[in-house]
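Step one of this worksheet: look at the structure below.
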Amino acid sequence: MSRLDKQLTSLKEQGRTALIPFITAGDPDPAITVSLMHAMVSAGADVIELGVPFSDPMAEGPVIQRASERAVERGVSLRDCMDMVQEFRQRDYDTPVVLMGYLNPIEVMGYQDFARIAAKSGVDGVLTVDMPPEEATDLRAALNAHKLDPIFLVAPTSTKARIQAVTAMASGFIYYVSLRGVTGAKHMDMTEVSDRIGEIRKYTQLPLAVGFGINNPETAARVAALADAVVVGSALVKRIEEVANRNQNDGQKEAIIESVTTFVLSLREAIDKVGVAA
Amino acid sequence: MTYQLPDDRGHFGPYGGLFVAETLMHPLKELNEAYEKYREDAEFQAEFMDDLRLYVGRPSPLYPAKRLTKKWGGARIYLKREDLNHTGAHKVNNTIGQALLAKRMGKTRIIAETGAGQHGVATATVAARLGVECVVYMGSEDIKRQAINVYRMKLLGAKVVPVESGSKTLKDALNEALRDWVTNVENTFYIIGTVAGPHPYPAMVRDFQSVIGREVRYQLSEFEPRDPDALVACVGGGSNAMGLFYPYIDDEHVALYGVEAAGEGIATGHHAAPLSAGRPGVLHGNRTYLMETDDGQIIETHSISAGLDYPGVGPEHAWLKDNGRARYVAIKDDEALAAFHELTRIEGILPALESSHAMAYGQKLAKELGSDKVIVINLSGRGDKDVHTIAAREGIEI
């Protein structure tokens, strides 16, 4: 059983919804990322989603775009991201880590090399935003060969046939994009989310994570009542940016860790007030 | 035709395809279905051809450039005058076609990306004619160097949105247009301006642009009892080149030359020539040659011509390069500028800086091939938009 399966199954048995915070690796500084990952786990994160910086993050809103730009400027590569996971694994063997990014850095590295290094570094799942199931056969085979879970998106625009195609390819969990738009947008329709989750569950037993547009503990709690996992990205990355801008010099790392801890704790608390989804 | 690409999922060999986030997969499938339906539809095609004739002013002339031929002292040069189209470039052929499709699909809002502004103007033009909302994304760097086209778009009623992310040029405008589309998929039609992007755009844009090559086929017979020996066109994304090449693709005796922007020189790294100096990767929905770092980050490009300043290229060009059907070469800023002056002074035609790259290579090729050969060069756009850039570079204040 993969680390992701184990974690999500165990939470389900406990009647809890998983909290999956997202940060961009290397933002604002590569030296802070691993500490931030540990801090998020201490504050209640069940799975870490680590964003791999890319020069052209087409599905991201302005907040994560800027984070990605900052990290690219610092020269943070896909290889660096996997090194960070490896460092994280020295102190945390249990918390699953999912890399989320775009295909091109993986293409350049080569699917086989990527899957091998990722598995060796302790990565558990890989979500490639611009790689739909139709194009994913080779990458999925490489990931599966190294016991990595390929994570796929389902969107509000996905038809039944597409949901079936996606769920047939995925393992680990299904990531439902809760709105038409980019990450961090502000027009989530809770009724639609609820309807769609019901629809997706008809086709798969895999846990369902919901993300894009969940920006505060209240929304996280409402989504937690429906989903198996809640992903919070832009709201967290925005805090990191604000605190980094306020503390340009000494104490930046501590201030960011404190702010992220406070926010993740508030998400955890809100989510835990709600039981697990049916 | 024996050449039958792309396959039904948009692949040209290993290139092309559909690499977008899930939210766009269904809208792209709908677009593909609509396109497949109307490309065979007689009424649609008749309306398209009428618009090209009555609104764009097609066919554009094939001009025997006799003075240029004499001056260059080699092959006979013919210029396909896409610069004489309404709005001043080949771009409008495609926007007319996609606008007709948008209308049939019931879309009420049109978006586009633009680099030099030619595609933005061509999109704003068709949107004005349809009476629909139009939003054009343009890098803030390009807005600075193409002020006239920005104003033209505004006069036509379009909203021009400056893009401040990344390198603030065409690739970032494309990212931003994709973000708009993903947010407004229900009512919005995204008119991509070149033979790039996810399937079906590369094939669809090529098909709309291939009116260029189809006209050349019959126009040349007025002057020459034979096929041309070579076709030459500039390649940024590569739509004017695909439009010229495609109808000749099975005619192996016709050499195809795509001319990329070598900027300050390939060796300097300051260029926009992914086919000449890049390698395969995935960007903007398709697999193709890209300019990228060893880590797979897309790098900033340089060209004097905003329309060629793009780190990728249409996937069909990537395929034609690999299988050897077309050859890709690169021309530097200075060489393009010299060709601009040459054509202006010898034939009285101001070419766009993009097209000047094709002219510059045409001159080299004419000498190489010799006087018994025939070359058709695609004069893809007019140079009025570039006179400020050229004056500034030459230290002249207008």
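Chain A is the first sequence line, chain B the second, and so forth, proteins listed ahead of strands; every chain is numbered from 1. Owing to the predicted nature of the structure, the values given are computational and were not obtained by experimental measurement.
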Practice problem: Measure Ile298(B) against the heavy atoms of chain A and call it side chain, backbone, both or neither at under 4.5 Å. | Solution: both

Self-check item: Residue His11(B) versus chain A: region with a heavy atom under 4.5 Å
Solution: side chain

Quiz prompt | Spacing of OG belonging to Ser167(B) relative to CD belonging to Glu69(A), to within rounding of 0.5 Å | solution = 9.5 Å

Exercise. Check Phe54(A) against Gly296(B) and note the closest heavy-atom contact, atom names and distance.
Key: CE1-O, 3.3 Å

Quiz prompt | Segment of Val72(A) engaging chain B (4.5 angstrom heavy-atom cut-off) | solution = side chain

Self-check item: Which portion of Asn184(B) sits near chain A, non-hydrogen atoms under 4.5 angstrom
Solution: neither

Quiz item: Which pair of non-hydrogen atoms, one from Glu135(A) and one from Gly17(B), has the smallest distance, and what is that distance?
Solution: OE2-CA, 3.3 Å

Self-check item: Contacts of type salt bridge (charged side-chain N to carboxylate O under 4.0 Å, His left out), residue Glu176(B), not counting sequence neighbours
Solution: Arg179(B)

Quiz item: What part of Val52(A) lies closer than 4.5 angstrom to a heavy atom of chain B: side chain, backbone, both or neither?
Solution: neither

Practice problem: Could you pull out the closest heavy-atom pair between Val182(A) and Thr183(B), with the gap in Å? | Solution: N-OG1, 4.1 Å

Quiz item: Measuring heavy-atom distances to chain A, does Val185(B) have an atom under 4.5 Å in its side chain, in its backbone, in both, or in neither?
Solution: side chain

Self-check item: Top contributor to chain B interface from Val108(A), Thr128(A), Asp130(A) [non-hydrogen pairs under 4.5 Å]
Solution: Asp130(A)

Practice problem: Specify which of Arg66(A), Met131(A), Gln65(A) makes the most heavy-atom pairs with chain B at under 4.5 Å. | Solution: Gln65(A)

Quiz item: When you look at CG of Asn323(B), are more than 12 heavy atoms from neighbouring residues, nucleotides or ligands closer to it than 6.0 Å?
Solution: yes

Exercise. Measure distances from Leu290(B) to the heavy atoms of chain A and classify the residue's part below 4.5 Å as side chain, backbone, both or neither.
Key: side chain

Quiz item: Out of Arg279(B), Lys29(B), Glu164(B), Glu292(B), which one racks up the most heavy-atom pairs below 4.5 Å with chain A?
Solution: Glu292(B)

Practice problem: Find the one option among Pro132(A), Ala185(A), Pro105(A) whose heavy-atom pairs under 4.5 Å with chain B are most numerous. | Solution: Pro132(A)

Quiz item: NZ of Lys107(B): more than 12 outside heavy atoms within 6.0 angstrom?
Solution: yes

Quiz item: At a heavy-atom separation under 4.5 Å, does Pro133(A) approach chain B through its side chain, its backbone, both, or neither?
Solution: side chain

List, one per line, each side-chain donor-acceptor pair under 3.5 Å for residues 152-161 of chain A, sequence neighbours excluded.
unit_1    : atom_1 : unit_2    : atom_2 : d
Thr157(A) : OG1    : Thr23(B)  : O      : 2.7
Ser158(A) : OG     : Ala155(A) : N      : 2.9
Ser158(A) : OG     : Ala155(A) : O      : 3.2
Ser158(A) : OG     : Glu22(B)  : OE2    : 2.7
Thr159(A) : OG1    : Arg162(A) : N      : 3.3

Quiz item: Any donor-acceptor pair under 3.5 Å linking the side chain of Asn104(A) with the backbone of Val282(B)?
Solution: yes

Quiz item: Does any N or O in the side chain of Asn175(B) come within less than 3.5 Å of the main-chain N or O of Met58(A), such that one atom is a donor and the other an acceptor?
Solution: no

Self-check item: Trace of the side chain to side chain contact (heavy atoms under 4.5 Å, CB included) decision for Asp56(A) with Asp172(B)
Solution: CA-CA 7 Å; Asp56(A) 294 79; Asp172(B) 309 284; 4.2 Å; yes

Quiz item: Is there a donor-acceptor contact under 3.5 Å from the side chain of Ser55(A) to the main chain of Gln297(B)?
Solution: no

Quiz item: Tell me, do Pro280(B) and Glu107(A) make a side-chain contact under 4.5 Å, heavy atoms counted?
Solution: no

Quiz prompt | Asp295(B) with Arg79(A): basic N within carboxylate O range, under 4.0 Å | solution = no

